[in-house]
> 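Just passing along the structure, written as structure tokens.
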Amino acid sequence: MPEILDPASPKPRVRFAPSPTGFLHVGSARTFIFNWLYARHNGGTMILRLDDTDVERNTQASVDSIFDGLKWLNLGWDEEYKQSERMDLHRKTAWTIFEKGLAYRDFTPAHTGDAEKSGAQGTWLFNPGARELSRTESDRRAAAGEPFALRFRVPRDGGQLVRFADAVYGEQVKAAADIEDFALLRSDGMPTYHLASCADDSDLRISHIIRGQDHLSNTYKHILIFEAAGCKPPQFAHLPLLVAPDGTKLSKRRHGPVVSVTTYRDAGFLSEAFINFLCLLGWSPKNDRENMSLQELTDIFSLEGINRSNAVVNFKEASVGRAPSPADNSQISPDVIPNPPRVVIPPLPHVVIPSEARDLGLAAAEDTFDPKALWLNAEHIRALPVEELSARLLPIVRAAGFDVTPEKMLRITPLIRERIKLLRDVLSAADFFFVDQLPPYDPAELIPQKGDAAMAMKVLSRAREVLAKIEFKHDPLDQALRAAALELGVKAGQMFQPIRLAVCGRKNAPPLFETLEVLGKETTLARIEQALAMTQQ
RNA sequence: GGCGCUAUCGUCUAGGGGUUAGGACGGAAGAUUCUCAAUCUUCAAACCCGGGUUCGAUUCCCGGUAGCGCUACCA
């Protein structure tokens, strides 16, 4: 419940007001973040309000999805409301406007749709005759039970102008004559978005409305409502839209799950990196800083840094886990599906055969997201203390079916920390630490650069001897294996590479000595043994 | 169709009447290391078009074009 604040308080009150008609997408998430940042920067209040006045399209699944996404963002909010529980207020506001003569009943049946829309020339402003209906006539028909919508009586003459100052887009002016008589109440008595939104913003004493630019032209209507209701309009700040690489607005149908916040979560983004990334779209600190912590963002965020042109989220379209579509032939529109299918999950190492396939699986996920988001995520991963990163990795590894102790994970983490861009990459980057049995690999890969099968044999058998009798610590391993290489007359690289392959099952892996140290003598020797057996065939 | 908003490298952006138009991601090349990654160095890459104002416009003004938004008893 709202705390009672001094109405003259300089502390801003902002709100994020999603309508639960689809999953939380990245554009909405950014709006939430900017509101939150503004509130926190100024010591204000962040309000979450579910704008659920469209009973037809609202779904509980969507509400869940929005909370899912916001929970992951982990920013929190101070107050929470649901518009559907405040309809008395909305209606009261509507009738107040009506009593002032600034709204009228329109008994015209609702537009049935696109029929006239396609062929429409010019702009529809109001239904003929409705505006002029006398109050007594209007009251009589209403009393007789005739359905009507309540419409705002937009001033039609005198060349009136509606104006407001937008913190981002500057002074905005529009001729009232160009604004249609929009509805306040539907014929079923339900408030419309415009009415409910303004009534609530005023009642909740919202000081700043920070929202998508798609509402810029709606704002004139809102100004009209605020004024008709006798309220002072809040400050407005419209945000440039986030669009897809093709320039169109983000949509699940067209662009797939990449537009959903939960996709980023499931792919292994750190929420702080995701937030950082979103902040850089349409806003700039103007000092070339890019990699920023939440605290830094909070400290330097300001409305002045917001720019006016749309920003593209540079993802690769539809390369991410396309809906398993033909299977689910649900009739609901794709935009309404609350939790889109997850990203292609890199196949589990112990299931997959060729290492190329593994790499491809990973590449698919990485190619999907905006490269900058990936880079920032990698930066944030590296900035995390090892303990923290390890703790975040562990549940992912376990969920993939590997039994790893926190202690072992903590030893593995420093080895892969600079090699992963997404948390999920741990599965492909550290797979060989988790499995008992390495997936099969081509024995030909054991052959070192500028070497042959004989050299591989020679190196591996020598390694087997040497490793059997030394301590598995970085320095001794380093010295012993280099010495062995010297004895055998091969280059260090030619010595290390067959061992790496035998032990990791692939060519690219973390540094050898650290790896052996974590893997331990027993596993290492067993894998070298296996490799030797393979080269013999 | 009407009304509105926007326009700097591929992408995110800084800048602003005179600049070698800056940074970042991504790309390319090189250095480095036992591979990969990380790191470092270097390179390629942009002011939508046309008028006007001005000694001088990428910057200011107008027009065009393009993109986007609104134009519902959706939000």
> Given the C1' atoms of B/rA21 and B/rU59, what is the spacing between them in whole Å?
11 Å
> Taking the side chain of A/Lys221 as heavy atoms from C-beta outward, which of B/rU11, B/rC70, B/rC34 is closest to it?
B/rC70
> Which of the following nucleotides, B/rU13, B/rA75, B/rC12, is nearest to the side chain of A/Ser284?
B/rU13
> If pairing requires Watson-Crick or G-U wobble contacts with both distances under 3.5 Å, which nucleotide is the partner of B/rA66?
B/rU6
> With the side chain of A/Gln172 defined as its heavy atoms from C-beta on, choose the nearest nucleotide among B/rG69, B/rC5, B/rA75.
B/rC5
> Phosphate oxygens OP1/OP2 of B/rA38: is one of them under 4.0 Å from a side-chain N or O of A/Arg417?
no
> Could you state the CH2-P distance from A/Trp375 to B/rG26, rounded to the nearest angstrom?
8 Å
> How close or far is atom P of B/rA72 from atom CZ of A/Phe152, stated in whole angstroms?
17 Å
> Should the pair A/Arg141 and A/Phe148 be classed as cation-pi, given the thresholds of under 6.0 Å to the six-membered ring centre and 45° from the axis?
no
> Is A/Arg151 near enough to B/rC73 that one of its side-chain N or O atoms lies under 4.0 angstrom from OP1 or OP2?
yes
> Side-chain N or O of A/Arg500 less than 4.0 angstrom from OP1 or OP2 on B/rU35?
no
> Scan every strand shown for a Watson-Crick or G-U wobble partner of B/rA72, both distances under 3.5 Å, and answer none if you come up empty.
none
> Which part of the nucleic acid, if any, lies within reach of A/Pro511 when heavy atoms closer than 4.0 Å are counted: base, sugar-phosphate only, or nothing?
base
> Counting Watson-Crick and G-U wobble pairs only, both distances under 3.5 Å, name the nucleotide matched with B/rA14, or none.
none
> Mind checking A/Pro147 for me? I need base, sugar-phosphate or nothing, with any heavy atom below 4.0 Å counting as a touch.
nothing
> Consider the side chain of A/Ser217, meaning its heavy atoms from C-beta on, and name the nucleotide among B/rG23, B/rC12, B/rG69 that approaches it most closely.
B/rG69
> Remember a base hit wins even if backbone is also touched, and classify A/Leu241 as base, sugar-phosphate or nothing at under 4.0 Å, heavy atoms.
sugar-phosphate
> Looking at A/Thr248, does any N or O in its side chain come under 4.0 Å of the phosphate oxygens OP1/OP2 on B/rC68?
no
> Identify the nucleotide, in any strand shown, that forms a Watson-Crick or G-U wobble pair with B/rA38, with both distances under 3.5 Å; if there is none, say none.
none
> Quick one: is A/Arg308 getting a side-chain N or O under 4.0 Å of the B/rC68 phosphate, OP1 or OP2?
no
> Would you say CG of A/Asp157 has more than 12 non-hydrogen atoms from neighbouring residues, nucleotides or ligands within 6.0 angstrom?
no
> For B/rU53, give its Watson-Crick or G-U wobble partner with both distances under 3.5 Å, or none.
none
> For the base of B/rA75, is there a side-chain donor-acceptor partner from A/Asn218 under 3.5 Å away?
yes
> Please state the C1' separation for the pair B/rC70 and B/rU11 - nearest whole angstrom.
27 Å
> Between the base of B/rA14 and the side chain of A/Lys286, is one N or O donor paired with an acceptor at under 3.5 angstrom?
no
> When the C1' atoms of B/rA66 and B/rG30 are considered, how many whole Å apart are they?
41 Å
> Is any side-chain nitrogen or oxygen of A/Asn314 closer than 4.0 Å to OP1 or OP2 of B/rG10?
no
